[in-house]
Trainee: 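Handing you this structure, nothing more for now.
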Amino acid sequence: MKTSKRVFALVMMSVSAMWAGEMEDLLAKAGEGDAVAQYEVGRKYSTGEGVSRNMEEAVKWLLESGVQGNVDAALSLGSIYVGGRGVPKSSTEAAKWYLMAATQGRAAAQLQMARMHLAGAGVVKDDVEAYKWATLAHEQGEGQANQILTFLRERMSGVEVARGQAQVREFKMRKEAAAAEEGVLPVAPPLDDHVVEPEVEPSAE
């Protein structure tokens, strides 16, 4: 039994040292302005992975990454502001970050923007905008987006649906044009493995 405890203690010390070394490397890169490293540092502080959970530090690093356009950081910030974790709850701030991620093509953020426009939480209540974002999210496999689309089709007029479809086409054309300018082919973004999206609360301010 004593031998097992000693082995376990040594393993834990080794794991802790590995985590500490990884965190030191990430912090060094984050301090130099590396947006990916800043996101990873923020994520680790948010989840308590290898460090003590600290939402103040998490938000600090996620903001540093988000302002550089990192889509994962933007998605995480949207979730944090919706839930009020480490910051005052704010649908307006959440919508700002979700919009950044949605515009870059992240399906989870597009779903959130559809919900927010549907409820008028942090943004103007707008069925056409909700339809646009829900359609884009649905086309990337977001199952819950279909529920929103079904609800919207029952109450939207044919003209409104047509406007929503036109906005979807316009969004895709802008994405394709931007990709062409950068010399890359547009592809569907990967799903985020780290962020669990909460439901939007329409009453949040």
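None of the values given here were measured: they were computed from a predicted structure.
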Trainee: Indicate yes or no: at least one non-hydrogen side-chain atom of R106 is less than 4.5 angstrom from one of Q110.
Mentor: no
Trainee: Looking only at non-hydrogen atoms, find the nearest pair between M116 and A94 and report the distance.
Mentor: CE-CB, 4.1 Å
Trainee: Using side-chain heavy atoms (C-beta onward) and a distance below 4.5 Å, is M156 in contact with V128?
Mentor: yes
Trainee: Would a 4.5 Å heavy-atom cut-off, applied to side chains only, mark L26 and W61 as touching?
Mentor: no
Trainee: Evaluate S91 against Y81 for side-chain contact (heavy atoms from CB on, under 4.5 Å), listing each step before the verdict.
Mentor: CA-CA 7 Å; S91 288; Y81 276 105; over 6 Å; no
Trainee: Within the distance-only criterion (no hydrogens, no angle test), does the side chain of Q38 pair as donor or acceptor with the backbone N or O of A30 below 3.5 angstrom?
Mentor: yes
Trainee: What are the two closest non-hydrogen atoms of L77 and G66, and how far apart are they?
Mentor: CD1-CA, 4.5 Å
Trainee: Under a 3.5 Å distance rule, please check whether Q68 uses its side chain to pair with a backbone N or O of G33 as donor and acceptor.
Mentor: yes
Trainee: Using a 3.5 Å distance criterion without hydrogens, assess whether the side chain of K175 forms a donor-acceptor pair with backbone atoms of E170.
Mentor: no
Trainee: Are R85 and S79 side-chain neighbours, meaning at least one heavy-atom pair lies under 4.5 Å?
Mentor: yes
Trainee: Okay, side chain of T103, backbone of L99: is any donor-acceptor separation there less than 3.5 Å?
Mentor: yes
Trainee: At what distance, to the nearest 0.5 angstrom, does OG of S46 lie from CD1 of I80?
Mentor: 5.0 Å
Trainee: At their closest point, which heavy atom of K125 faces which heavy atom of L118, and how far apart are they?
Mentor: CE-O, 3.3 Å
Trainee: Answer with yes or no whether the hydrophobic clustering places V67 together with V87; edges join I, L, V, M, F, W, Y residues whose side-chain heavy atoms lie under 4.5 Å apart.
Mentor: yes
Trainee: So, the side chain of S65 versus the backbone of A35: is there a donor-acceptor pair under 3.5 Å, distance only?
Mentor: yes
Trainee: What pair of heavy atoms forms the shortest contact from A145 to A134, and how long is it?
Mentor: CB-O, 3.3 Å
Trainee: Heavy-atom distance under 4.5 Å between the side chains of E160 and R153, does that happen here?
Mentor: no
Trainee: Are L152 and V123 in one and the same hydrophobic cluster, where Ile, Leu, Val, Met, Phe, Trp and Tyr link if side-chain heavy atoms are under 4.5 Å apart?
Mentor: no
Trainee: Could you tell me if the side chain of Y45 sits less than 4.5 Å from the side chain of M55, heavy atoms only?
Mentor: no
Trainee: Please evaluate residues K29 and E32 with respect to the criterion salt bridge (Lys or Arg N to Asp or Glu O under 4.0 Å), reporting the C-alpha separation (whole Å), side-chain torsions for both, the decisive distance (0.1 Å), and the verdict.
Mentor: CA-CA 5 Å; K29 292 179 181 177; E32 293 171 356; over 6 Å; no
Trainee: Begin from the C-alpha positions of K44 and E22 and carry the test salt bridge (Lys or Arg N to Asp or Glu O under 4.0 Å) through to its verdict.
Mentor: CA-CA 11 Å; K44 287 179 182 294; E22 180 186 357; 3.4 Å; yes
Trainee: Verify, without hydrogens or angle tests, whether H117 (side chain) and V124 (backbone) share a donor-acceptor contact under 3.5 angstrom.
Mentor: yes
Trainee: Report the distance from atom CG of D127 to atom CZ of R163, rounding to the nearest 0.5 Å.
Mentor: 10.0 Å
Trainee: What distance separates D34 CG from L27 CG, expressed to the nearest 0.5 Å?
Mentor: 12.0 Å
Trainee: Any heavy-atom pair between the side chains of L111 and W133 that's under 4.5 Å?
Mentor: no
Trainee: Run the side-chain contact (heavy atoms from CB on, under 4.5 Å) check on E49 and R43 step by step: do they pass?
Mentor: CA-CA 8 Å; E49 180 186 324; R43 183 182 67 79; 2.9 Å; yes
Trainee: To the nearest 0.5 Å, what is the distance between CG on L62 and CD on E40?
Mentor: 10.0 Å
Trainee: Contact between I148 and Y131 at the side-chain level, heavy atoms closer than 4.5 Å - yes or no?
Mentor: no
Trainee: Group every Ile, Leu, Val, Met, Phe, Trp and Tyr by side-chain heavy-atom contacts under 4.5 Å, then state whether M100 and L63 land in the same group.
Mentor: yes
Trainee: Quick one: CG on L136 to CZ on F171, what's the gap to the nearest 0.5 Å?
Mentor: 5.5 Å
Trainee: Nearest 0.5 Å please: distance from the CD atom of Q112 over to the CD atom of Q144.
Mentor: 8.5 Å
Trainee: If I compare all heavy atoms of A107 with all of Q140, which pair ends up nearest, and what's the gap?
Mentor: CB-CB, 3.7 Å
Trainee: Which pair of heavy atoms, one from N70 and one from D72, lies closest together, and at what distance?
Mentor: OD1-N, 3.1 Å
Trainee: Can E176 and K172 be said to form a salt bridge (Lys or Arg N to Asp or Glu O under 4.0 Å), step by step?
Mentor: CA-CA 6 Å; E176 290 173 3; K172 291 178 179 179; over 6 Å; no
